[in-house]
Student: 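The structure is given below, and queries will be raised subsequently.
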Amino acid sequence: MSNQLFKDIFFKIVIFANCYLFFGFVITFILFGIFFFFKYYYLCYATLKTNDWLNETSNLKAPRFDGYISKLIISIYKKKKFDQELSQQHSQSFHKFEKLSKSIPDGIALINQENALIWCNSSAERLLSLDLKLDRYKKINYIIRNEEFVSYIKNPSHDKPHRINLKDKDSIKNLEVQVIPYETDQILLIISDVTNLVVAEKERKEFLSDISHELNTPLTIIQGYVETIKDFEYQDSFVTKAINHIHNQSIRMSKLINDIALVNKIEYAKKLNLELIKPCEVLEKVLDEIVPVYNKKKWSSEIEFKSSFSADKEDLICIFSNLINNSIKYTDTSGEIKVSLLKTSNGFIFKVVDDGIGIAKENIKKITNRFYREDQSRSSNTGGSGLGLSIVKKILEKYNAKLEVKSDLGKGSQFMIIFPL
Ligand code: ADP
């Protein structure tokens, strides 16, 4: 009996324990479920709120959450604050730059590899008749319909600015455009308005051309009279001397006037009158005219370069005759002059060597300056104007040619012009 009772009690305890465990498990499971559900909901809510806050760039007020999310938010907050300060600094710098670029009178424009406009300042908008808001990212040849400008942008020379004329409603603007390489795939354009300068240059050119013409007329009359009275016989030797002096100086003055007119012409000549010519033929012609007149000198010539060259014939005549005439002027009557036209790997060289009076080493670099004369008396004797070599130098710029001079005072000089083809 007691055994049976013991069994019953034991059985009931086991059932009760099982039930207790079962319900315990179920309740624990439900409680965990509820806990994780709220945790998950809280996490989603916190993530969404943080996301909204992140998307609001100007709002720095961070949402408040507990636990490890708050640590994350603090880090994001710091980063966001730093980014906001940085962007404020950037926008302040940009505004400053925009203000600065507006106050620059020259136009500045940024163009990419595809020749599309990236940015420009207000002066560039005004000078090139652009509107940045409308024209940004458009190709420059669609915005500026000027062949000269577009071809310069495509094939720029970086060393000196290029002048273009741009039509602006009913007037023409003269602009100087300079391309500056900027980064690897962009170019910077600097545009200056040189309209006033061009007008002043034109007036100067016209003035010089008028003045040389006006001076030539009375001078020709004076020369005519002097030529006539020069051959008369005078009792007073002073009169003969004075007339000869007037005669020489009038010739010199006439050369000066002609040279000034020539410098003026070369300086403002816009386009080269290019044709394919053989420099050897031009040189032979120049020598044919000069050598018989100065036949007491010892002449020698070497013509090796016989190919053609694209040049203005007048320019070549001017260069050749200037250097040869200088050698004639600055050597003795029986001096030696060697003229040569030599081949080089990428062009040719024109060389004149003489055994004349030479030039002092320290003065060699000055001889191409306008009106420079090594010694005033030289030019009075030779009738030189001091303009010949400056004219030559100006012409050489058009051909990217270079003049090299070697000279020894009292021994002679070598003038060499290197022409690239
Ligand atoms: P100029 O008309 O006076 O000859 P240039 O410009 O041709 O003017 O020459 C400038 C100066 O250079 C001359 O005054 C002369 O002193 C010097 N010069 C030029 N060529 C020679 C030369 N072959 N030998 C010596 N001096 C020279």
Side-chain angles (χ1 to χ4, degrees), residues 208 212 215-216 219 245 247-267 283 286-287 289-291 293-294 296-302 314-342 349-399 401-418:
L208 277 174
S212 19
L215 280 173
N216 250 331
L219 193 64
H245 212 63
H247 181 241
N248 289 341
Q249 289 306 316
S250 67
I251 292 173
R252 197 166 153 234
M253 203 165 176
S254 165
K255 181 164 180 353
L256 254 168
I257 292 167
N258 290 335
D259 280 355
I260 289 171
L262 191 59
V263 171
N264 200 29
K265 197 175 131 197
I266 293 166
E267 208 144 278
L283 180 60
V286 170
L287 286 172
E289 278 172 20
I290 294 178
V291 174
V293 184
Y294 299 95
K296 287 204 176 109
K297 300 212 188 259
K298 294 181 204 87
W299 291 94
S300 63
S301 63
E302 182 189 358
E314 291 301 314
D315 286 345
L316 285 191
I317 295 175
C318 183
I319 294 168
F320 295 162
S321 49
N322 250 301
L323 295 197
I324 298 172
N325 275 323
N326 274 353
S327 283
I328 293 169
K329 280 191 283 184
Y330 303 112
T331 50
D332 278 349
T333 329
S334 58
E336 201 178 333
I337 300 172
K338 281 187 210 155
V339 180
S340 38
L341 207 58
L342 306 169
I349 284 176
F350 168 64
K351 194 156 86 174
V352 184
V353 184
D354 65 56
D355 63 351
I357 55 175
I359 307 157
K361 287 255 177 313
E362 65 275 15
N363 293 336
I364 292 180
K365 55 181 180 305
K366 297 185 210 157
I367 58 171
T368 52
N369 293 351
R370 270 183 205 162
F371 298 110
Y372 176 79
R373 280 162 251 148
E374 168 85 332
D375 155 9
Q376 297 294 328
S377 62
R378 279 191 187 189
S379 297
S380 323
N381 296 336
T382 57
S385 64
L387 280 170
L389 289 179
S390 73
I391 293 173
V392 169
K393 193 179 153 200
K394 266 270 155 251
I395 297 175
L396 295 186
E397 280 171 17
K398 299 198 262 177
Y399 298 91
K402 222 169 68 188
L403 170 71
E404 280 180 11
V405 184
K406 287 183 191 160
S407 190
D408 267 328
L409 200 58
K411 289 187 181 160
S413 314
Q414 172 186 290
F415 282 75
M416 191 163 86
I417 296 176
I418 304 149

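Both ligands and their constituent atoms are indexed starting at 1 by order of listing.
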Student: Output yes when a side-chain donor or acceptor of Asp315 lies under 3.5 Å from a complementary backbone atom of Ile395, and no otherwise.
Tutor: no
Student: Side chain or backbone of Ile359 under 4.0 Å from ligand 1, or both, or neither, by non-hydrogen atoms?
Tutor: side chain
Student: If the cut-off is 4.0 Å to any non-hydrogen atom of Lys329, which atoms of ligand 1 fall inside it?
Tutor: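 So the atoms of ligand 1 that pass are 1 (P), 2 (O), 4 (O).
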Student: Taking 4.0 angstrom as the limit and counting only heavy atoms of Leu389, give me the atoms of ligand 1 inside it, by number and element.
Tutor: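 Ligand 1 atoms under the 4.0 Å threshold to Leu389: 5 (P), 6 (O), 7 (O), 9 (O), 19 (C).
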Student: May I ask you to identify, for Asp354, whether its side chain, its backbone, both or neither come under 4.0 Å of ligand 1 on a heavy-atom basis?
Tutor: side chain
Student: Below 3.5 Å, N or O to N or O, backbone or side chain included: is there any such pair between Lys255 and ligand 1?
Tutor: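 The answer is no, given that Lys255 and ligand 1 share no N or O pair closer than 3.5 Å.
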Student: Any nitrogen or oxygen of Asn326 lying under 3.5 Å from a nitrogen or oxygen in ligand 1? Just yes or no.
Tutor: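 Yes, there is a polar N/O contact under 3.5 Å.
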Student: Does at least one non-hydrogen atom of Gly386 fall below 4.0 angstrom from an atom of ligand 1?
Tutor: yes
Student: Taking all atoms of both residues into account, what is the closest heavy-atom pair of Gly358 and Leu409, and its distance?
Tutor: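 Answer, listing the atom of Gly358 first, then Leu409: O-CD1, 3.7 Å.
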Student: Do Lys366 and Asn363 pass the side-chain hydrogen bond (donor to acceptor under 3.5 Å, both in side chains) test, and can you show the C-alpha distance, the side-chain angles, and the key distance before you say yes or no?
Tutor: CA-CA 5 Å; Lys366 297 185 210 157; Asn363 293 336; 3.1 Å; yes
Student: Do Leu323 and Ile417 touch side chain to side chain, with heavy atoms closer than 4.5 Å?
Tutor: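 Side-chain contact under 4.5 Å: yes.
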Student: Going by the order shown, which atoms of ligand 1 are within less than 4.0 Å of some heavy atom of Phe415?
Tutor: 19 (C), 20 (N), 21 (C), 22 (C), 23 (N)
Student: I need the minimum non-hydrogen distance between Ser327 and Asp354, along with the two atoms involved.
Tutor: OG-OD2, 2.8 Å
Student: Are Ile337 and Tyr294 close enough that some pair of their side-chain heavy atoms sits under 4.5 Å apart?
Tutor: no
Student: Check this for me - ligand 1, Asn322, N or O atoms closer than 3.5 angstrom, yes or no?
Tutor: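 By distance alone, the answer is no.
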Student: Tell me whether Lys411 at atom NZ has more than 12 heavy atoms from other residues, nucleotides or ligands lying less than 6.0 Å away.
Tutor: no
Student: Any nitrogen or oxygen of Gly388 lying under 3.5 Å from a nitrogen or oxygen in ligand 1? Just yes or no.
Tutor: yes
